[in-house]
Amino acid sequence: MTLGYISRRLFHLVLIMFGVSVLVFLMLRMIPGDPAQLLLGEFANPEELESLRAQLGLNQSLLTQYWIYLRNIIQGDLGNSLRSNAPVAGEIWVRLIATLELSLAAMFIATVVGVAAGVLSAVKQRSFLDYASMFLALVGVSMPIFWLGLMLIYLFSVKYPILPMMGRITLGLEVPEMTGLMVVDSLLAGNGQAFLSAVKHLLLPSFTLATIPMAIVARITRSSMLEVMSKDYVRTARAKGMAESVVVLRHALRNAFLPVVTVLGLNLGLLLGGAVLTETIFSWPGLGRYVVDSLAGRDYAAVQGCILVFAALMAAINLAVDLMYVFLDPRLRVDE
Amino acid sequence: MRTLLLALLAAALILPGATYASQADTLVWGRGGDSVSLDLAQATDGESIKAGIQVLENLVIFGKNSMDVEPQLAESWSVSEDGLTWTFKLRKGVTFHDGEPFNAQAVYDSFARVIDDKHPLHGYGKWRYLSLSLKPVKSINVVDEYTIQLVTEKPFAPLLNNLALWLCPILSPKAMYEYKDQIGQHPVGTGPFTFVKWVKDDQIVFERNEDYWGEKAKVNKIVLKSIPEPSARLMALQSGAVDIADDLDPDSIKLVEKNANLAMIKRPSVNVGYLALNTEKPYLKDPKVRIGLSHAIDKNAIIQAIFQGMAIPAKNPFAPSIWSYNDSIQPYEYDPAKAKKMLKEAGFDFSRELELWAMPVSRAYMPDPVKTAELIQAYLASVGVKAKIVRMDWGAYLKKTSNGEHDLCMLGWLGGNADPDNFLYGLLSADTAKTPGASNVSLWKNQEFTELCKKAQTVFDKQERTEYYMKAQVIAHNEAPWIPLAHTTIVRCYNKRLNNVPLRPNGLNSFQMVSKN
């Protein structure tokens, strides 16, 4: 585990990003649908279409368009949105932070609840608890997110209005923006009311979003735990007379955690890519909705920017997961 | 960690009093999506327009609940004898939200940036729909501080309606120079509300303009909330989290009707959804065939099934809420036997399969295009006409229909500037039937009809224009290049805490006079 390993991985990242930029650029232009036509809709006339295309730079050759795009990315400029004309980098950033807050909260719930349920099921295998939690996990994986979200809103916001149904914080509450994460910002500002509001706003959407990863984590943890629990070193630990809780948590869980970390990493990557359904139901201003809207409007600049950011995030998470393995399993430490 | 989470959950559940209803001095307005740009000269989408008109004003504007043009930043106007020069006297003592004075120079900069490619601000925008805005204007003259003249190439009566449309807003020149191509993210106008902040895909906040020239807004703040999921929008309205919810589906509207806390206004809109028949195709060239097909389709049943009753059947190219609507025209009633007979008499080839193009996106005037197409297909089948539904991407659809590649295609018009010219000349004249890029997608070229429309453009007397349009509608009816389907009813659903909620037939209103209990 050295800097050399990390820098090699970072170099790969650059190559991946370059490949992604070419692919996205070409794919977007292969989908039928002309951005200018979509912007002007049924009210377009040919001259206006032509002049808009010229203004958007769409009448240049593909090579020229790609060259301009590449030159701009290298300078850290993702270009301006074809629809709103605002810089894409800024548009992505505000939404990415919102998505990050929601995904982290969801992953937190999924990890805590999922791992706890998995460990309990494994320890009390074939008990009622085991069957109950695995049944719930099955329900969780198969639950239509859309239906669950709407039901939660109906229950907790309309029928028994105890939780907010939309947005990130109560209208009118202001916290100075530091990290962009409402929960963190309100804590940093020492504003208890805002903190509580931010947490409450997170509860329904993050629970909805956590359902599927929670169920997956519970099942993986259970099977991985069962495997580890039958290992010799666990028997040895027990034979040494260690307390059962220490055996389970220190000896078994830590070793059972590798596959769980992989699943968590993959899921976090997916969630960061935007949880379109959850964001839509809870009016959460995240990246998923932005990508879908941009794609529908053939906003080339915005989609290209988002995909680049996703690729970078995915690569970074993979790297983090690999590093985490090394931390969890000394056998994997890379010899340099 | 687990205990912390449980404690938080418990706290959230136990804490009393939080109902998340909006505050008393704030109007919360739930809608389907975010705005794109609040510089309305560059806006093409409804969500941008409905937000932008709270902040920006025009020289003239449509009435609160009608489409008749009234003064706004211009106090009065006149047109020269030759019909070429429009002189506007501007309101005095008006300031922009940034404190800059409103005057003829501001009007000049706001307009010249759009049409004059030498104006320093021209390059900072992507100007949309010029023919609906300032394209007819050849030059702009500042006469004095409070007088401005617009000169057109030829007499063009619909110009006044163009100026009343969202596309011709007056912005602070200082702000336009300061924000350059980002002016759409920081609009500075003269309206009853000032722009405060915009959290993308989440909310836009406006505050009352305390220095407004007219009657000041009743509510302190407007928050436009993006709530993309329609059922969530309905629940937000039911729970009191929003005061107004836009674009609810017919089932939700029924629930609003039953709810004692909620109210709604319904009004016929200015839009039209239609089925265009490609008159260039040899088998659709005969008006008798087209009229036969018109008799085959039961518009009332389509309105019940697809629009769930929230529309009226169309018989003319534009809606009855627009002046000069010809109500004496008798619609082609649903009569399959008559349809069959007419088609047979015209020698229609029943073995031919027609292509029926269905729009891939839903619009206010066509809420469920595919189901509508399926119904039309069934109606045609019942008179022995075979039709195949064709679907494609929206961009391709628009392009190909404007090239005349279809037999029958579904389209519509949201209302434009609400001048009959916009529908008749724009969508049915011979001038707009030229491919590629025809907006008259039936490619119907009738000289008499086109002449009437062109004459009406150059006449300033509404009475006289009305006569021309009445005649033109009769010709369009007899020739049947379209089967006009429906004009939708627009609805605004709101909480009864609100008073004075307006609804213009195009759905675009300033909420200046809305108050909240």
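For clarity, every value in this text was computed on a predicted model and none was experimentally measured. Sequence lines set the chain letters: A, B, ... in the order given, protein chains first and strands last, and positions in each chain run from 1.
In this structure, CG in A:L150 is found 4.5 Å from CE in B:M235, a value given to the nearest 0.5 Å. For the atom pair OG (A:S84) and CG (B:L38), the distance works out to 10.5 Å, reported to the nearest 0.5 Å. Here B:Q42 contributes atom CD and A:R83 contributes atom CZ; the two are 14.5 Å apart, rounded to the nearest 0.5 Å. Atom NZ of residue B:K197 and atom CD of residue A:E174 lie 4.0 Å apart, to the nearest 0.5 angstrom. Atoms CG and CD, from B:D201 and A:E279 in turn, are 8.5 Å apart once rounded to the nearest 0.5 Å.
Using a 4.5 Å cut-off between heavy atoms, A:Y160 makes no contact with chain B at all. For a residue to count as touching a neighbouring chain, one of its non-hydrogen atoms must lie under 4.5 Å from one of that chain's; by this rule A:L202 does not touch chain B. Looking at A:R95, the atoms closer than 4.5 Å to chain B (heavy atoms on both sides) all sit in the side chain, from C-beta outward. For B:Y179, no part lies near chain A; criterion is any non-hydrogen pair under 4.5 Å. Neither the backbone nor the side chain of B:P230 comes within less than 4.5 Å of any heavy atom of chain A. Contacts between A:Y290 and chain B at a heavy-atom distance below 4.5 Å involve backbone atoms as well as side-chain atoms. Contacts of A:L52 with chain B are made by side-chain atoms alone, with heavy-atom separations under 4.5 Å and no backbone atom involved. Residue contact with chain A, scored on non-hydrogen atoms closer than 4.5 Å, is absent for B:K434. With a 4.5 Å cut-off on non-hydrogen atoms, B:V28 touches chain A through its side chain but not through its backbone.
Closest approach of A:L171 to B:K225, counting heavy atoms only: CD2-CD, 4.5 Å.
Enclosure of atom OH in A:Y154 is not indicated, since only 12 or fewer non-hydrogen atoms of other residues, nucleotides or ligands lie within 6.0 angstrom. By the neighbour-count criterion of 12 heavy atoms within 6.0 Å, atom CZ of B:R391 is sparsely surrounded, having that number or fewer from other residues, nucleotides or ligands. More than 12 non-hydrogen atoms from other residues, nucleotides or ligands lie less than 6.0 angstrom from CD of A:Q60.
With sequence neighbours excluded, no residue satisfies side-chain hydrogen bond (donor to acceptor under 3.5 Å, both in side chains) with B:S402. Partners of A:Y300 by ring-ring contact (aromatic ring centres under 6.0 Å, His included), not counting sequence neighbours: none found.
Side chain of A:E91 to main chain of B:K200: no donor-acceptor pair is present (N/O by atom type, distance under 3.5 Å, no hydrogens or angles). Proximity of a side-chain donor or acceptor of B:D181 to a complementary backbone N or O of A:N85 within less than 3.5 Å is not detected.
The pair A:D34-B:K399 fails the salt-bridge criterion, with no side-chain N (NZ, NE, NH1 or NH2) lying under 4.0 Å from an Asp/Glu carboxylate O.
Side-chain contact between B:Q182 and A:N80 is present, with at least one heavy-atom pair separated by less than 4.5 Å. Residues A:M166 and B:V242 have side chains in contact (heavy-atom distance under 4.5 Å, counting atoms from C-beta outward). Here the side chains of A:S283 and B:S226 are not in contact, with every heavy-atom distance at 4.5 Å or above.
Ranked by heavy-atom pairs under 4.5 Å with chain B, the first of A:I31, A:I153, A:L49, A:D293 is A:I153. Counting heavy-atom pairs closer than 4.5 Å to chain A, the top-ranked of the candidates B:S35, B:G437, B:G123 is B:G437.
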